[in-house]
Amino acid sequence: MNKWIYFIIFSVLVAASTSTEHKKFDLKLNLIPCAGQIKNEKYVKAGILASLQSYSVYNFSNYNKKGQIGKRNTYGWWSLGLYFYGIIDSYVDHHLKGFPSNKKQKKEER
């Protein structure tokens, strides 16, 4: 458990210590599920991620009421994994926004 706490603290410190250009990305907004994808204008990805998270939370609460602990825990882990995937994905998308694409390079070669 301590390893995960150190990993999370280290990740937040590294993300906070980036250059001023990358500090424009609001880390607090990123903690709201799918808000980072919406800010990066990845609406389809945000919709898919939101529906998957909603589905896993729904099944988590449904299996919790039924007392099926194994399935409840499975959907709990899926929900947590999708949440952290959304955070990491939106952060990486924001940093790669200015990266040149192949289409731009091909137009410049002509």
Side-chain angles (χ1 to χ4, degrees):
M1 182 68 175
N2 289 336
K3 293 178 186 177
W4 286 106
I5 293 171
Y6 292 129
F7 176 74
I8 291 170
I9 291 172
F10 177 74
S11 300
V12 169
L13 290 176
V14 168
S17 68
T18 57
S19 68
T20 56
E21 177 184 330
H22 297 296
K23 281 191 176 182
K24 293 178 184 175
F25 189 73
D26 190 10
L27 289 175
K28 293 176 187 174
L29 177 67
N30 195 18
L31 297 178
I32 300 170
C34 302
Q37 281 81 10
I38 292 171
K39 184 175 181 180
N40 291 333
E41 299 175 357
K42 306 282 183 171
Y43 302 115
V44 174
K45 191 185 292 185
I48 291 171
L49 191 59
S51 62
L52 287 173
Q53 285 178 338
S54 300
Y55 178 74
S56 63
V57 169
Y58 171 76
N59 281 333
F60 175 81
S61 65
N62 191 24
Y63 286 124
N64 190 29
K65 290 177 186 175
K66 292 180 180 179
Q68 296 178 342
I69 296 172
K71 291 184 178 182
R72 178 201 69 180
N73 291 347
T74 300
Y75 283 104
W77 282 110
W78 271 103
S79 176
L80 189 66
L82 288 168
Y83 176 72
F84 282 116
Y85 170 76
I87 291 173
I88 293 168
D89 179 62
S90 64
Y91 190 73
V92 169
D93 275 348
H94 178 73
H95 284 286
L96 293 178
K97 193 181 285 186
F99 196 76
S101 67
N102 289 337
K103 293 178 184 177
K104 289 180 183 177
Q105 291 174 353
K106 288 180 182 178
K107 287 181 181 178
E108 290 175 1
E109 290 176 0
R110 292 181 185 177

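Start at 1 with the first residue, then count along the sequence.
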Return the CH2 to CG distance between W78 and L52, rounded to the nearest 0.5 Å.
8.5 Å
Ring pair (Phe, Tyr, Trp, His ring centres under 6.0 Å) partners for F60, two or more places apart:
none
Shortest non-hydrogen contact from C34 toward A46
SG-O, 3.5 Å
Pairs where residues 62-87 contributes a residue and the test salt bridge (charged side-chain N to carboxylate O under 4.0 Å, His left out) is met, not counting sequence neighbours
none
Restricting to pairs with a member in residues 47-58, which pass side chain to side chain donor-acceptor pair (under 3.5 Å), not counting sequence neighbours?
Y55-N59
Is it true that atom CD1 of I69 has more than 12 heavy atoms of other residues, nucleotides or ligands lying nearer than 6.0 Å?
no
If a pair satisfies salt bridge (charged side-chain N to carboxylate O under 4.0 Å, His left out) and one of its residues is in residues 47-64, list it, with sequence neighbours excluded.
none
Mind listing the closest non-hydrogen atom pair of L49 and Y85 along with its distance?
CD1-CD2, 4.0 Å
I'd like to check the side chain to side chain donor-acceptor pair (under 3.5 Å) partners of K45; sequence neighbours left out, ordered by chain and number.
D89, D93
Is it the case that one hydrophobic cluster holds both F84 and W77, taking links as side-chain heavy atoms less than 4.5 Å apart, direct or via other members?
yes
Taken to the nearest 0.5 Å, the spacing of N73 CG from Q68 CD works out to 11.5 Å
